[in-house]
Amino acid sequence: MTGTWTDAQSVDPQPGALDSDGLRRVVAVLSTVQIVSWGVLYYAFAALQGAITADTGWSGVAVTGAFSLSQFVSGGVGIWVGRHLDAFGPRKVMTAASLVAIPGMATIALAPNLPLFYIGWVLTGVAMAGTLYPPAFAALTHWGGAKRVRALTTLTLVAGLASTVFAPLASALESWLGWRQAYLVLLAGLVLITVPLHWWGLDRPWRTDPVGAESIARGPANAETQADNVARSVPFLLLTIANAMTALAVFAVVINMVPMLVEQGMSRNLAAVALGLGGVGQVAGRLGYARFAAATSVTARGVIVLAAVAIGTAALALAPYSVGVLIVLGMVLGLARGIYTLVQATAVTDRWGPAAYGRLNGILTAPALAASAVAPFAGAALAYLLGSYAAGFLVLAGLAAVAALLMFGAMPRQQIPPIHSDKVV
């Protein structure tokens, strides 16, 4: 990432865009709350899952199923969240979602039985919908204007450290206090950090679509009608399908990479290191995204990134055993994942403009969240049915290849007029 916040034009033509100082403040706030929210609500589970099953006697499938349910809930609620983000901005929505995490995670930590454990994860899924990437992306897309790519890149770079910080922290807390108390300590940290930062740090003007009689008088040209038309269009449908297929392939590969590498002959510890090094590739991809985006068209970068996911996944399955080769391929996949996060974040804006981003991105990401919830089981099931993880990875590579082909049709042939917004709240 190059340049500074001030090297873009001083007056952004996008309504509602912040000046450089205001945007810098918002990026700092959202980067902080993202690393904490991802760490506590998402990545802590990976560190605590084994302790939960050992302490409660619940099966690993049942415990993982509760977490997967939270992803389905997050996707569904995310559509509602997107609409309210467009209308009211991120301040109230993200603050409320952080507060919902209190009963959610408290129920998880104190659940005496599996049904209550599931209820806790349902509430936590609601909290995820209003605190993780989609609402943060919507905020920076709206406030970032011409500088939104740099803002989104900074956010994802910082949030990418969530697993690095919180997985070992959660594990250390579990060793000291037990998993239940570990969750309560993490919850206290989340509330003390994210609630005030969401409420006071995101207190910026927000332009919304006009409502009432004036909006109705505009007829089909108003923002809501245009957004609905986009959501029903063939390019948007193809983009949504491609996004969901990619999410299924990417998350199935990530979750099942260690057993796949062990199957290839690598030790489990070395396989874990290889998986971690994929994060280095992910950071590199995000650092180089601005230049990549400037050198490619919207369609080209979508096709290139998804094709890279497909080729990298297939190469990982077919490569002869060599520690160096497998680690490099894992890093290449990480690089593609890192770029894809930003391709997804900018997909709506690059095609239809920023004004209805919250609503459209909520619809776009809901199937992807559902696919990511299914992905761990899908990857393991493919390996079981086909007899090896390598064979399963080839199927996942095929899914990513189909998604790359769908991206050719995911660009509207005729540019839709910008969806105007002119009311400040």
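As a basis for the values below, the full set of heavy atoms in this structure was taken, side chains included, without hydrogen atoms, waters or symmetry mates.
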Review point. Between Val343 and Tyr289, does a side chain to side chain contact (heavy atoms under 4.5 Å, CB included) hold up when you go through it step by step?
Key: CA-CA 9 Å; Val343 168; Tyr289 179 74; 3.8 Å; yes
Determine whether [X] and [Y] make a side-chain contact, defined as any pair of heavy atoms from C-beta on separated by less than 4.5 Å.
| X | Y | answer |
| --- | --- | --- |
| Leu333 | Arg337 | yes |
| Val305 | Gln344 | no |
| Leu386 | Leu394 | no |
| Thr349 | Arg148 | yes |
| Leu85 | Arg359 | no |
| Thr156 | Gln282 | no |

Check your understanding: In chain order, what residues pass the side chain to side chain contact (heavy atoms under 4.5 Å, CB included) check against Val332, with sequence neighbours excluded?
Key -> Val328
Point to revise | Set of residues satisfying side chain to side chain contact (heavy atoms under 4.5 Å, CB included) with respect to Ala315, sequence neighbours excluded | key: Leu329
Exercise for review: Begin from the C-alpha positions of Tyr389 and Leu382 and carry the test side chain to side chain contact (heavy atoms under 4.5 Å, CB included) through to its verdict.
Suggested key: CA-CA 7 Å; Tyr389 280 97; Leu382 283 171; over 6 Å; no
Under the side chain to side chain donor-acceptor pair (under 3.5 Å) test, residues paired with [X] that sit two or more places apart:
| X | answer |
| --- | --- |
| Tyr183 | none |
| Asp203 | none |
| Thr341 | Arg286 |
| Thr107 | none |

Name every donor-acceptor pair, under 3.5 Å, that has one atom in a side chain of residues 93-104 and the other anywhere in the protein, sequence neighbours excluded.
unit_1, atom_1, unit_2, atom_2, d
Thr95, OG1, Arg91, O, 2.7
Thr95, OG1, Trp199, N, 3.4
Ser98, OG, Met94, O, 3.2
Ser98, OG, Thr194, OG1, 3.2
Ser98, OG, His198, ND1, 2.9

Review point. Does anything in residues 25-40 pair up under side chain to side chain donor-acceptor pair (under 3.5 Å), and if so which pairs, sequence neighbours excluded?
Key: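 For residues 25-40, and leaving out neighbouring residues, the side chain to side chain donor-acceptor pair (under 3.5 Å) pairs sorted by first residue read Gln34-Trp38.
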Practice item. Assess whether side chain to side chain contact (heavy atoms under 4.5 Å, CB included) is satisfied between Met128 and Val77, documenting all intermediate values. Key: CA-CA 9 Å; Met128 289 179 183; Val77 174; over 6 Å; no
Does [X] have any ring pair (Phe, Tyr, Trp, His ring centres under 6.0 Å) partners at least two apart in sequence or in another chain, and if so, which?
| X | answer |
| --- | --- |
| Phe251 | none |
| Trp80 | His84 |
| Phe67 | Tyr42, Phe45, Trp121 |

Please table the atom pairs, donor to acceptor, closer than 3.5 Å between any side-chain atom in residues 361-372 and protein atoms at least two apart or in another chain.
unit_1, atom_1, unit_2, atom_2, d
Thr365, OG1, Asn361, O, 2.8
Thr365, OG1, Gly362, O, 3.4
Ser372, OG, Ala368, O, 3.4
Ser372, OG, Leu369, O, 2.7

Point to revise | Atom of Tyr357, atom of Ala345 and distance for their closest heavy-atom approach | key: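 Smallest heavy-atom distance, with atoms named: OH-O, 2.7 Å.
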Check your understanding: Can you name the closest pair of heavy atoms from Ala252 and Leu396 and give their distance?
Key -> CB-CD1, 3.6 Å
